[in-house]
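All figures in this text were calculated on a predicted structure; none of them were measured in a lab. A note on names: the letters A, B, ... follow the listed sequences, proteins ahead of strands, and every chain is numbered from 1.
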There are 2 protein chains.
Amino acid sequence: MSLVNLKVIRKTPCELCPLRPLPHFREFTPDELEFVSHFKKSEVSVEAGQIILMEGAQSAHLFTVLAGWGFRYKMLEDGRRQILNYVMPGDLIGLQGSLTGEMQHSIEALSPVTLCVFEKKELSTLYRGYPDLAFDLTWIAAREERMLDENLLSIGRRSALERAAYLLAMLAQRASVLDLFRSGRCVIPITQQHLADTLGLSIVHTNKTLRKLSDKGMIRWAERSCEILDQRGLEDIAGWKGVGEGKRPFI
Amino acid sequence: MSLVNLKVIRKTPCELCPLRPLPHFREFTPDELEFVSHFKKSEVSVEAGQIILMEGAQSAHLFTVLAGWGFRYKMLEDGRRQILNYVMPGDLIGLQGSLTGEMQHSIEALSPVTLCVFEKKELSTLYRGYPDLAFDLTWIAAREERMLDENLLSIGRRSALERAAYLLAMLAQRASVLDLFRSGRCVIPITQQHLADTLGLSIVHTNKTLRKLSDKGMIRWAERSCEILDQRGLEDIAGWKGVGEGKRPFI
DNA sequence: CGGAAAATTGATAATTGTCAATCGTCGTGG
DNA sequence: CCACGACGATTGACAATTATCAATTTTCCG
């Protein structure tokens with residue numbers, strides 16, 4: 001079981017979900033909202049550094065991130081790690097494992113994370129009774145696919161500097177539509193080791209690459225996290241124009 | 001419109017689908033089979049080298065590959081190309097574009113390809129009336145996600161030799177469960193430029209890397225395609241044990 | 001005030017890319 | 001039938017990028 005280190009806490013009613021009011025997410029019908037409210041079984045919190053889902057596990061649950069940052073990754077037998085994508089509030093995790101039986105990747109918390117807990121076995125109820133939500137689930141899977149396509153393009157064909165710029169710009173953009181930067185400062189809770197394992201670079205070369213971005217005044221490191229000072233500049237280096245996602249479903 | 005160069009040909013009835021009898025695919029109920037039969041509007045064929053779907057297009061259709069090989073890719077503005085994945089019989093293409101409105105990647109035929117044509121706007125009928133098929137669609141999207149995860153791990157963390165071995169072993173495995181190698185010989189219709197653009201390597205280095213695999217007697221180039229002679233050997237080099245997929249849905 | 005984890009740096013090595021040819025195959029037109 | 005051109009495969013020399021090694025230094029946290 002993969003929930004060993006999770007702490008169950010009280011459940012925020014879906015009607016009061018802090019994410020739903022964001023203009024970024026699609027509206028629910030009252031009917032859907034009620035279903036999801038029942039679909040959500042509880043809420044758990046995880047500390048930074050803990051593993052939320054482990055490759056090979058057969059979890060009975062899936063989760064939506066309510067708060068905090070995490071990352072999905074895979075490892076080779078000799079320990080090399082590749083971070084596949086990051087998860088942040090509104091992201092559904094564990095769907096892949098729920099469908100195909102066994103998790104093919106692991107997920108770890110980057111910061112303290114709060115999760116809504118759903119039961120895998122109730123998915124069939126969702127598919128039978130709520131076709132719009134079922135559609136949303138496919139949409140969500142397709143969105144993840146699109147992000148992976150972008151990452152693959154980046155790792156396969158961009159230089160180290162372009163890659164780093166793309167990654168940071170993308171993270172900043174995803175976070176900003178979630179209104180995650182209340183402080184006005186755009187801070188990503190990540191270490192250089194995480195970035196290296198995402199970019200497919202060594203830690204040393206990652207450091208030297210980030211140094212170039214620092215020298216240009218585009219980012220700054222502090223408190224084991226990265227502050228984005230010039231998102232537009234990063235996008236220019238990457239040759240990437242942020243995706244103007246309209247509304248997006250979530251569960 | 002993206003169907004400019006497609007040739008419409010007669011429609012093979014789904015009841016006589018040559019793929020369905022394969023042990024690799026899940027069974028349909030008679031009800032589902034009838035729906036899919038109506039869902040399928042026609043059949044088109046595409047020549048090798050032609051583009052099936054273009055990034056940015058808003059296709060009204062989605063397709064299932066009935067025969068032939070193709071590949072999904074993205075390009076940077078300066079022409080650098082990254083192949084994201086390959087498509088082969090049984091694969092659904094265009095789903096991502098159908099959901100999010102616009103294709104985010106292109107798809108090109110590697111060999112002559114035959115496609116079943118479906119209409120995007122009838123997806124809602126599917127979701128409302130056939131929850132099991134809706135579930136399958138999500139499953140299919142999750143499967144693509146899983147393959148991308150593997151590719152990302154490979155490009156990010158494996159050496160050139162390991163990467164090439166992984167890619168060829170993976171393609172051979174996917175093709176073999178489709179019974180694509182009737183001749184007894186496992187031949188992949190691909191050029192070294194395609195492999196290079198998949199592996200994130202230059203064409204020259206790809207050539208030198210493949211040379212090492214040839215020298216070991218694991219592969220052989222002939223007629224602009226790659227014959228796999230020692231699939232197990234490739235898997236060993238890659239440190240990858242083929243996924244033992246059980247039955248898999250398709251539409 | 002430690003001690004551990006993260007960030008940084010310089011030197012050197014390994015990997016991979018670029019350039020510039022050459023060769024082979026195959027289809028086409030003379 | 002052969003010359004020709006296009007495309008793909010191949011090769012060697014050299015350059016650029018990235019990795020590895022081996023410290024330090026800094027920051028964080030108890």
Side-chain angles (χ1 to χ4, degrees), chain A residues 47-50 71 76 78-83 108-112 154-165 167-168 187-215 219-227 237, chain B residues 47-50 71 76 78-83 108-111 154-165 167-168 187-216 219-227 237:
Chain A
E47 288 170 32
Q50 292 206 320
F71 60 94
L76 293 174
D78 62 5
R80 284 176 284 180
R81 177 176 75 169
Q82 178 63 40
I83 294 182
E108 183 177 319
L110 262 180
S111 68
S154 205
I155 294 191
R157 286 307 181 201
R158 278 195 253 250
S159 70
L161 188 69
E162 293 169 333
R163 251 182 262 185
L167 176 57
L168 293 172
V187 178
I188 299 172
I190 205 178
T191 68
Q192 298 192 1
Q193 183 67 66
H194 291 120
L195 285 185
D197 285 351
T198 313
L199 300 171
L201 299 171
S202 71
I203 175 71
V204 174
H205 195 65
T206 298
N207 178 276
K208 289 170 182 169
T209 300
L210 292 171
R211 175 43 107 89
K212 292 181 188 168
L213 294 177
S214 294
D215 288 347
I219 63 172
R220 182 170 56 194
W221 285 93
E223 298 164 40
R224 290 169 193 197
S225 48
C226 177
E227 178 174 3
I237 288 181
Chain B
E47 288 170 31
Q50 293 206 321
F71 60 94
L76 293 174
D78 63 5
R80 283 175 284 180
R81 178 176 74 171
Q82 177 65 39
I83 294 181
E108 183 177 320
L110 261 181
S111 68
S154 204
I155 294 191
R157 287 306 181 201
R158 278 195 254 249
S159 71
L161 188 69
E162 293 169 333
R163 252 183 259 184
L167 176 57
L168 293 173
V187 177
I188 300 172
I190 206 178
T191 69
Q192 297 191 2
Q193 184 66 66
H194 290 120
L195 285 185
D197 285 351
T198 313
L199 298 171
L201 298 171
S202 71
I203 175 70
V204 174
H205 195 66
T206 298
N207 178 275
K208 288 169 182 169
T209 301
L210 292 172
R211 174 45 105 91
K212 291 182 189 166
L213 294 178
S214 294
D215 287 348
K216 291 175 194 284
I219 64 173
R220 181 172 55 193
W221 286 93
E223 300 164 39
R224 291 168 194 198
S225 47
C226 178
E227 178 174 4
I237 287 181

Do you know which two heavy atoms are closest between A:C226 and A:I219, and how far apart they sit?
-> SG-CB, 4.1 Å
When we call it a touch if two heavy atoms are under 4.0 Å apart, what does B:E223 touch: a base, just sugar-phosphate, or nothing?
-> nothing
Apply side-chain contact (heavy atoms from CB on, under 4.5 Å) to the pair A:L161 and A:I237, showing each step before the final yes or no.
-> CA-CA 8 Å; A:L161 188 69; A:I237 288 181; 4.2 Å; yes
Go through residues 194-208 of chain B and report each residue with a non-hydrogen atom lying under 4.0 Å from DNA chain D, sorted by number.
-> B:V204, B:N207, B:K208
Could you check how far CD of B:E162 sits from P of C:dT15, rounded to whole Å?
-> 11 Å
Note: B:D197-A:R157 ion pair, threshold 4.0 Å (strictly below) = yes
Shortest non-hydrogen separation from B:A109 to B:E47 and the atoms involved = CB-O, 3.4 Å
CZ of A:R158 versus P of D:dA16: gap in Å, rounded?
-> 24 Å
Heavy-atom side-chain contact between B:Q82 and A:I155 under 4.5 Å | no
A:T191 side chain, from C-beta outward: closest of C:dT16, C:dA7, D:dT11 = C:dA7
Euclidean distance, atom CH2 of residue B:W221 to atom P of D:dG8 [Å, nearest integer] = 11 Å
According to a strict under-4.0 Å criterion, is A:R211 in side-chain N/O contact with OP1 or OP2 of C:dT8?
-> no
Here the distance between atom C1' of C:dT16 and atom CG of B:L210, to the nearest Å, is 14 Å
Send over the distance from B:Q193 CD to D:dC7 C1', rounded to a whole Å.
-> 11 Å
Checking side-chain contact (heavy atoms from CB on, under 4.5 Å) for the pair B:S154/B:L167: CA distance, chi angles, key distance, verdict?
-> CA-CA 8 Å; B:S154 204; B:L167 176 57; over 6 Å; no
Are side-chain N/O atoms of B:T191 and B:H194 paired as donor and acceptor at under 3.5 Å?
-> yes
Side-chain heavy-atom pair B:S225, B:I188 within 4.5 angstrom cut-off | no
Over its full length, what angle do the end axes of the helix from C:dC1-D:dG30 to C:dG30-D:dC1 make, each axis taken from five pairs and the result rounded to 10 degrees?
-> 40°
Could you check if a side-chain atom of A:I190 sits within less than 4.5 angstrom of a side-chain atom of A:W221, using non-hydrogen atoms only?
-> yes
Could you state the CD1-C1' distance from A:I190 to C:dA7, rounded to the nearest angstrom?
-> 15 Å
Roughly, in whole Å, what's the span from CZ in B:R80 to C1' in D:dT17?
-> 14 Å
Does B:A160 or A:S225 map to a spot on DNA chain C nearer the 5' end, using the closest nucleotide for each?
-> A:S225
Separation of atom NZ in B:K212 from atom C1' in C:dT16, rounded to whole Å = 10 Å
Is the phosphate of C:dT8, meaning OP1 or OP2, less than 4.0 Å from a side-chain N or O of A:Q192?
-> yes
